[in-house]
Protein chains: 2
Amino acid sequence: MSDLDLIIQRLELHGHRITASRKRVLKALLDAPAHFTVDDVLRQANDVGRATVFRTMKLLQDLNVVCRVMMENGSLHYRLSTSGHHHHLVCRSCGQVADFANCDVSSLIDQLARSTDYQIEGHWLEVYGRCASCRASEPVVAG
Amino acid sequence: MSDLDLIIQRLELHGHRITASRKRVLKALLDAPAHFTVDDVLRQANDVGRATVFRTMKLLQDLNVVCRVMMENGSLHYRLSTSGHHHHLVCRSCGQVADFANCDVSSLIDQLARSTDYQIEGHWLEVYGRCASCRASEPVVAG
DNA sequence: GGTTAACTGATACTTAGTCTCATGTCGGAC
DNA sequence: GTCCGACATGAGACTAAGTATCAGTTAACC
Ligand SMILES: [Zn+2]
Ligand SMILES: [Zn+2]
Ligand SMILES: [Zn+2]
Ligand SMILES: [Zn+2]
């Protein structure tokens, strides 16, 4: 069963219709590089209306088909997502994104809950750095 | 020395001019509630040009006079900031924001650096929950 | 007081996303 | 297979958030 079929199955499972536009958006996503903007999708699936692309992206986000990556400059990128709760580690040089799901924010959260008396219900964490291959090819010069 | 004077001092220290527009923006910030949007400032300092307000907010951000709080709905709020690196704990009910600077993301970061071989250089963390008083006044009903 | 680089603000533009509503179509019922 | 209604679409106007341009103003330094 292809990735496309799996996503379609998930849509059906939640009572959403499988329309030609949605298929075109899905095709665009699956053909796209590891992360991309809504605008990339708009260009790729250029016969699908603007509003529909945005609506579809939101739908896919709600179904955990895609997740959003906040780039350091504030722009939102999207990325196919298989797992549940996770975070992103974004390379400042090449833009490569790594997921990490073994997020041990929980101890931080527990400690925070105790010290602030808030009941903590969610969090958003993005981490920025430089990946191994970028470090190798463009070493940062001291001074 | 007033808060206003302290901020002015910081601007001067970095070679920025003290203009009437900047003072009007600063006054708006200092009169504003604990967090606010650029639009709030625009309305409050309504005789200052739009571009100038945005430029001033960016300047103040660079000088660590204000910090940005990402609300759960994606909108950006601002907040006077005294400390350096810190994070926000936002109440979903009343919107109250608490800072926390004793952020022990560092152990998470170290672990992450080891497992991914990224050199980690920055992070962005926002935490959402419900504050003590909101929990007391609007308890979440089970079921 | 004069000089000048920094600053301002009007305005046009861009980017990201939402709203409306008339029209189209998916998919279940028959 | 075709009928039908709720769901979905798309054109386009609109909003929100921010940037770019540029002629005119002004703070700070002498
Ligand atoms: Zn890289
Ligand atoms: Zn997490
Ligand atoms: Zn609260
Ligand atoms: Zn931190």
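Below, read A as the first sequence line, B as the second, and so on, with proteins coming before strands; counting in each chain starts at 1. The structure presented is a predicted model; accordingly, all values stated were derived computationally and were not measured.
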Compare the minimum distances between each of D:dT21, D:dA11, C:dC7 and the side chain of B:Arg22, then state the nucleotide with the smallest one. C:dC7

For A:Asp40 and C:dG17, give me the distance from atom CG to atom P, rounded to whole Å. 12 Å

Taking donor-acceptor contacts at under 3.5 Å, does the side chain of B:Arg55 reach the base of C:dG9? yes

What about B:Leu63 and B:Leu30, same hydrophobic cluster or not, with Ile/Leu/Val/Met/Phe/Trp/Tyr joined at side-chain heavy-atom distances under 4.5 Å? yes

Tell me what A:Lys23 touches on the nucleic acid: a base, only sugar-phosphate, or nothing, going by heavy atoms under 4.0 Å. nothing

With the side chain of B:Thr19 defined as its heavy atoms from C-beta on, choose the nearest nucleotide among D:dT9, C:dT8, C:dG9. C:dT8

Is B:Lys58 near enough to D:dT19 that one of its side-chain N or O atoms lies under 4.0 angstrom from OP1 or OP2? yes

Spacing of A:Leu60 atom CG relative to D:dA8 atom P, expressed in whole Å: 12 Å

Both B:Leu76 and A:Arg24 contact DNA chain D. Taking the nearest nucleotide for each, which residue is further toward the 5' end? A:Arg24

Measure from NE2 on A:His14 to P on D:dC7 and round the result to the nearest Å. 16 Å

Does either side chain, that of A:Thr37 or that of A:Asp39, offer a donor lying less than 3.5 Å from an acceptor on the other one? no

Rounded to the nearest angstrom, tell me the gap between atom CG in B:Leu11 and atom P in D:dT26. 19 Å

Using heavy atoms to find the nearest nucleotide of DNA chain D for B:Thr37 and B:Ala20 separately, return the residue whose nucleotide is more 5′. B:Thr37

A:Leu26 CG - D:dA8 C1' separation (whole Å): 14 Å

If you go through the side-chain atoms of A:Arg50, does one of them form a donor-acceptor pair with the base of D:dG10 closer than 3.5 Å? no

Exercise: identify the closest heavy-atom pair between A:Leu42 and A:Phe54: CD1-CE1, 4.3 Å

Can a donor-acceptor pair be found between the side chains of B:Arg22 and B:Thr56 at a distance below 3.5 Å? no

Under 3.5 Å donor-acceptor pair, B:Arg17 side-chain atoms to C:dA5 base atoms: yes

Categorize A:Thr52 for me: base, sugar-phosphate, or nothing, with a 4.0 angstrom heavy-atom threshold over every strand shown. base

Note: for A:Glu12 and B:Ala51 on DNA chain C, the residue whose nearest nucleotide lies more 5' is B:Ala51

Do you know which two heavy atoms are closest between B:Arg130 and B:Cys91, and how far apart they sit? CA-SG, 3.9 Å

Whole-Å distance between D:dT15 P and A:Phe54 CZ? 17 Å

Just the rounded figure in Å: distance from C1' of D:dC7 to NE2 of A:His16. 11 Å

Under 4.0 Å from OP1 or OP2 of C:dA16: is there any side-chain N or O of A:Ser75 that close? no

Length of the CE-P vector between A:Met71 and C:dT15, whole Å: 18 Å

